[in-house]
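I have placed the structure first, in the form of structure tokens, so that the comments after it can refer back to it.
Basis for what follows: all heavy atoms, side chains included, without hydrogens, waters or symmetry-related copies. Naming: A, B, ... by sequence-line order, numbering from 1 per chain. Note that the structure is predicted; figures quoted are calculated from it, not measured.
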Amino acid sequence: MTTRRANFLTEIIDADLAAGRVTRVATRFPPEPNGYLHVGHAKSICLNFGLARDYNGTCNLRMDDTNPVKEDIDYVHAIQKDVAWLGFSWAGEVRFASDYFDPMYAAAEQLVAQGDAYVDHQNVEEIRQNRGDFGRPGVDSPHRERPIAQNLELLQAMRAGAFPDGTCVLRAKIDMAHPNLLMRDPLLYRIRHAHHHRTGDKWCIYPMYDYAHPLEDALEGITHSICTLEFESNRELYDWVLDHTRNALGLAWNPRPRQYEFARLGLGYTVMSKRKLLQLVEEKRVNGWDDPRMPTIAGLRRRGVTPEALRDFADLIGVAKNNSLVDIGKLEFCVRQDLEKRAPRAMAVLQPLSLQLTNWPLGHTDVLTMPWKTGEPATRQVPFGREILIEREDFSENPPADWKRLSVGKEVRLFGAFFVRCTEVVREDGEIVGLLGTVDVDTRGGEAQDGRQPAGTIHWVDATHAVDCEIRLYDRLFTVEQPDADGDFLPQMNPDALQVLQGQMEPAAAELPGGTHVQLMRVGYFFSDPVATDPGKPVWNRVIGLRDTWTKAPGRQEGRPDRRKEPTEAKKDTAQKKNRAEWRAERRTATAELAAAYGRYGALGVDPDAADLLTEDLETVAFFDAALRAHPHPQALSRWYLNDLEGLRKGRPLAEIPLDGATFGQFVALVDSGQVTVPAGKQLLSHLVAKGGDPVAATRALGLGKVDDSTAVYAATDAVLAALPGEAERFRAGEQKLLGVFIGAVLKQLRGSADAGAVRQALLDRLKT
RNA sequence: UCGGGGAUCGUCUAAUGGCAGGACCGCAGACUCUGAAUCUGCUCAUCUAGGUUCGAAUCCUAGUCCCCGAACCA
């Protein structure tokens with residue numbers, strides 16, 4: 001049983017299940033096979049498959065292959081491999097949008113037959129021109145009103161291959177003046193005389209995404225179709241297609257799929273668009289889709305990132321609708337956390353410096369047995385001889401005060417072996433070329449008989465047995481957090497994202513096969529490249545360095561990103577954009593009744609701002625007038641209307657809520673009379689907006705009548721304080737803010753039917769020491 | 001310009017009218033045969049202004065800023 005991570009989507013699903021809208025959960029991951037999957041897709045995969053897992057539902061893997069000129073079978077295979085590698089299994093076979101071309105076409109003919117679609121002969125340019133723009137409505141196509149029979153004939157001719165590419169399209173007949181540009185007669189089918197990787201030459205017309213996607217979902221019985229934020233505007237069209245094809249395929253769309261959008265992953269120091277990734281590959285700025293510098297799943301896999309780390313990362317960053325740019329340090333954290341647990345330890349030096357131990361017998365080798373990992377049984381043999389290689393940066397001639405490594409005259413421990421002391425520096429032309437030192441043979445295994453502890457421990461390898469190996473040091477692909485913020489992203493590429501070094505590795509580790517994780521002690525986590533490693537010729541990729549609180553890598557922007565914004569200067573309103581108040585004022589000028597109502601309310605003592613809001617339209621005025629007739633107290637009425645009812649109706653027109661103006665007036669009268677308290681009134685109003693009914697009857701039914709009985713208040717107060725002894729203690733200790741918690745609890749117990757002031761008083765009474 | 005979204009520690013994300021919580025990062029300390037890991041502690045946030053309420057991140061009003069949308073791409 002995995003713990004379910006809550007987010008806005010799980011809330012929606014819970015509500016759907018509770019309301020019976022769906023009885024099962026079916027999601028899908030629908031990539032277009034036109035590129036490799038990247039870590040952004042990994043987030044989506046974890047979401048869709050994770051939801052299916054958490055709700056005992058299903059998740060399909062579906063190739064959205066509706067555009068034959070861009071897609072390729074190789075990508076299909078790569079995508080399957082990546083999803084499986086991430087640890088997910090899809091329901092049944094892999095699906096293909098192209099599997100549904102027949103029913104999609106049938107539905108298109110039905111749309112034409114219903115008069116909901118037509119064949120348009122305008123060219124691309126004309127269609128674009130006639131679509132209008134954000135500020136201008138579109139104009140109807142000259143072919144928009146063609147008779148149905150002719151449209152049907154043309155569509156069939158399109159399908160039969162009678163027209164060359166680009167000569168005509170099938171369009172939905174919606175509204176060329178629609179504020180959502182996607183709804184201005186969107187294209188449904190275009191002609192492409194192209195070979196499709198699955199359907200071959202069967203089709204020469206292919207459906208557009210907005211038409212195909214909802215049908216794919218519906219045909220597969222998807223309940224929750226989850227996509228990214230940029231598709232928000234497409235949702236309206238998604239629903240239109242479903243609404244207008246619901247009878248065409250003999251399917252009831254039950255449950256009808258619904259689209260929900262979440263924020264896609266933005267990750268620092270990399271790029272995530274398929275186009276840019278493709279460009280990096282095609283221009284050979286990286287070595288293919290699986291280059292370990294790439295944010296592709298294939299690249300991360302080859303680098304040595306594990307599926308567990310990626311899944312942890314997906315959990316860590318969560319799912320929401322905020323546009324976000326995730327700190328790449330979070331990914332790095334997940335990688336380290338995972339590798340820390342699993343990686344055996346080994347030693348290699350990247351930049352060797354020789355240390356001759358002058359008191360060690362010439363030609364003698366001691367073989368030490370060390371565990372692959374502290375506390376675990378598996379061991380390895382590590383040779384130790386007269387010449388030792390240490391890391392160049394582990395020696396300093398002029399060490400700082402807190403130096404914990406080697407320097408002249410100082411003793412350090414060689415990890416798992418002996419204590420050594422440096423006695424002399426060997427130079428050539430002023431350059432340090434080696435070190436002379438002595439070893440304490442009584443410290444074998446790293447423990448001194450006398451219990452002394454050297455200041456530091458460093459890693460090392462034996463010079464005569466060390467194995468040459470290629471070390472590939474990977475770093476962030478770009479030098480700035482947002483390489484594609486503006487302009488060209490290529491100049492931001494990090495030239496040091498790959499550094500190749502010739503290192504010296506202990507022999508046991510050098511024999512590890514490709515695809516093995518290891519922590520090179522004090523250096524980082526490494527992965528033997530599964531492609532480049534040959535037997536006896538190891539190539540090691542650095543997955544990620546160890547966290548380093550001592551030295552900071554040069555040339556890298558330090559620490560956490562600080563994207564804090566300067567408080568922006570309020571922009572002077574140069575554009576004469578009309579605000580909502582101005583719209584209302586304008587409408588009042590145009591409509592005498594509104595103006596009259598405004599004057600009338602003002603005369604009744606309603607605050608001008610409130611009067612402005614109440615005279616937004618005639619519907620509101622009529623409602624308010626009816627309320628006024630039932631309860632002639634304009635201030636109270638307007639407060640309840642504006643502050644509570646306005647929020648409760650959630651944008652629905654007044655006519656659609658089961659509460660009319662007169663009843664609303666009666667409701668306010670009831671509260672004003674003191675028979676119902678304000679908090680109870682809020683509950684009551686919420687009930688009336690949802691269910692309708694008579695306020696007095698509802699009050700009685702819900703038990704919301706005011707409790708004047710101070711015994712009851714005190715009893716509830718005592719019960720609450722008894723149930724929250726810790727809080728009561730803290731309150732007495734001075735945490736004033738807890739009073740609200742108590743009031744809330746008492747009010748809840750009394751169903752809001754007590755006066756808050758009385759409750760407060762009772763609490764203070766009881767709580768005073 | 002129109003339509004649709006969004007705004008909470010530096011970053012990501014909770015809190016659904018009642019104690020602004022967690023994680024990453026950072027800082028300090030403990031421990032350490034890895035300057036790692038581990039452990040402890042600390043710093044740090046509700047876009048602004050009004051209003052409703054005993055009580056507002058949450059409800060109302062006005063404003064500000066950010067993102068997406070005008071491929072025969074998905």
Please state whether the base of B:rG35 and the side chain of A:Asp548 form at least one donor-acceptor pair under 3.5 Å? no

Among pairs that include at least one residue of residues 748-762 of chain A, which meet side-chain hydrogen bond (donor to acceptor under 3.5 Å, both in side chains), considering only residues two or more places apart or in two chains? none

Phosphate oxygens OP1/OP2 of B:rC60: is one of them under 4.0 Å from a side-chain N or O of A:Arg649? no

For A:Glu261, answer base if it contacts any base atom (sugar-phosphate contacts may also be present), sugar-phosphate if it contacts only those atoms, and nothing otherwise; contact means non-hydrogen atoms under 4.0 Å. nothing

If only side-chain N and O atoms of A:Arg336 are considered, is one of them under 4.0 Å from the OP1 or OP2 phosphate oxygen of B:rA37? no

Taking side chain to side chain donor-acceptor pair (under 3.5 Å) as the definition, give me every residue that meets it alongside A:Arg649, ordered by chain and number, with sequence neighbours left out. A:Glu646

Using the P atom as the point on both nucleotides, what is the distance between B:rU40 and B:rC54, in whole Å? 44 Å

P spacing across the pair B:rG21 / B:rG26, given as an integer number of angstrom: 22 Å

Within this structure, what is the CE-to-P distance between A:Met183 and B:rG4, rounded to whole angstrom? 13 Å

Whether A:Lys70 and A:Glu32 form a salt bridge (side-chain N of Lys/Arg under 4.0 Å from carboxylate O of Asp/Glu) is what I want to check. no

Across the strands shown, which category fits A:Gly135 at heavy-atom distances under 4.0 angstrom: base, sugar-phosphate, nothing? base

Of the listed nucleotides (B:rC60, B:rG17, B:rU13), which one gets closest to any side-chain atom of A:Lys682? B:rG17

Flag side-chain contact, heavy atom, 4.5 Å: A:Pro399 against A:Arg405: no

For a quick check of understanding: with a heavy-atom distance under 4.0 Å over all strands, which category does A:Lys274 fall into, base, sugar-phosphate or nothing? nothing

Around atom CZ of A:Arg264, are there more than 12 heavy atoms from other residues, nucleotides or ligands closer than 6.0 Å? no

Classify the angle between the aromatic ring planes of A:His41 and A:Phe29 as parallel (below 30°), tilted (30 to 60°) or perpendicular (above 60°). perpendicular

What about A:Arg405, does its side chain sit under 3.5 Å from the base of B:rG35 through a donor-acceptor pair? yes

Heavy-atom protein contacts under 4.0 Å, nucleotides 67-74 of chain B, coded B base, S sugar-phosphate only, - none: SSBBSBSB

Please classify the nucleic acid contact of A:Glu236 as base, sugar-phosphate, or nothing, using heavy-atom distances under 4.0 Å. nothing

If we take the P atom in both B:rA20 and B:rC31, what is their distance in whole Å? 36 Å

Side-chain donor/acceptor of A:Gln519 to base of B:rU34, under 3.5 Å: yes

Identify whether any heavy atom of A:Trp403 sits under 4.0 Å from a base atom; if not, whether one sits that close to sugar-phosphate; answer base, sugar-phosphate or nothing. base

Indicate, with a heavy-atom threshold strictly under 4.0 Å, whether A:Val319 touches base, sugar-phosphate, or nothing. sugar-phosphate

So does A:Thr549 get a side-chain nitrogen or oxygen closer than 4.0 Å to the phosphate oxygens (OP1/OP2) of B:rA36? yes

Using O4'-C1'-N9-C4 for purines and O4'-C1'-N1-C2 for pyrimidines, with syn meaning within 90° of 0, is B:rA49 syn or anti? anti

All side chain to side chain contact (heavy atoms under 4.5 Å, CB included) counterparts of A:Leu648, not counting sequence neighbours: A:Leu685, A:Ser686, A:Val689

Choosing from B:rC60, B:rU34, B:rA62, which nucleotide comes nearest the side chain of A:Arg345? B:rU34

For A:Thr374 and A:Leu325, take the nucleotide of RNA chain B holding the closest heavy atom to each; which residue's nucleotide lies nearer the 5' end? A:Leu325

Under 4.0 angstrom, heavy atoms only, what part of the nucleic acid is A:Arg639 near: base, sugar-phosphate, or nothing? sugar-phosphate

Output yes when A:Arg452 and A:Glu411 qualify as a salt bridge under the 4.0 Å nitrogen-oxygen rule, no when they do not. yes

Can you find a side chain N or O atom of A:Arg184 that sits less than 4.0 Å from OP1 or OP2 on B:rC2? no

Between A:Asp609 and A:Arg235, just flag the one whose closest nucleotide in RNA chain B comes earlier from the 5' side. A:Arg235

All N/O pairs under 3.5 Å across the protein-nucleotides 18-23 of chain B interface:
{"unit_1": "B:rG18", "atom_1": "N3", "unit_2": "A:Gly740", "atom_2": "O", "d": "2.7"}
{"unit_1": "B:rC19", "atom_1": "O3'", "unit_2": "A:Lys737", "atom_2": "NZ", "d": "3.3"}
{"unit_1": "B:rC19", "atom_1": "O2", "unit_2": "A:Arg730", "atom_2": "NH1", "d": "3.4"}
{"unit_1": "B:rC19", "atom_1": "O2", "unit_2": "A:Arg730", "atom_2": "NH2", "d": "2.1"}
{"unit_1": "B:rC19", "atom_1": "N3", "unit_2": "A:Arg730", "atom_2": "NH1", "d": "3.3"}
{"unit_1": "B:rC19", "atom_1": "N4", "unit_2": "A:Glu727", "atom_2": "OE2", "d": "2.7"}
{"unit_1": "B:rA20", "atom_1": "OP1", "unit_2": "A:Lys737", "atom_2": "NZ", "d": "2.9"}

Hey, what's the ring geometry for A:Phe231 with A:Tyr209, parallel, tilted or perpendicular (30° and 60° as the breaks)? tilted

Give the dot-bracket line for RNA chain B from 5' end to 3' end: parentheses for intra-strand Watson-Crick or G-U pairs under 3.5 Å, square brackets for crossings, | for inter-strand pairing, dots for unpaired. .((((((..((((....[..)))).(((((.......)))))....(((((..]....))))))))))).....

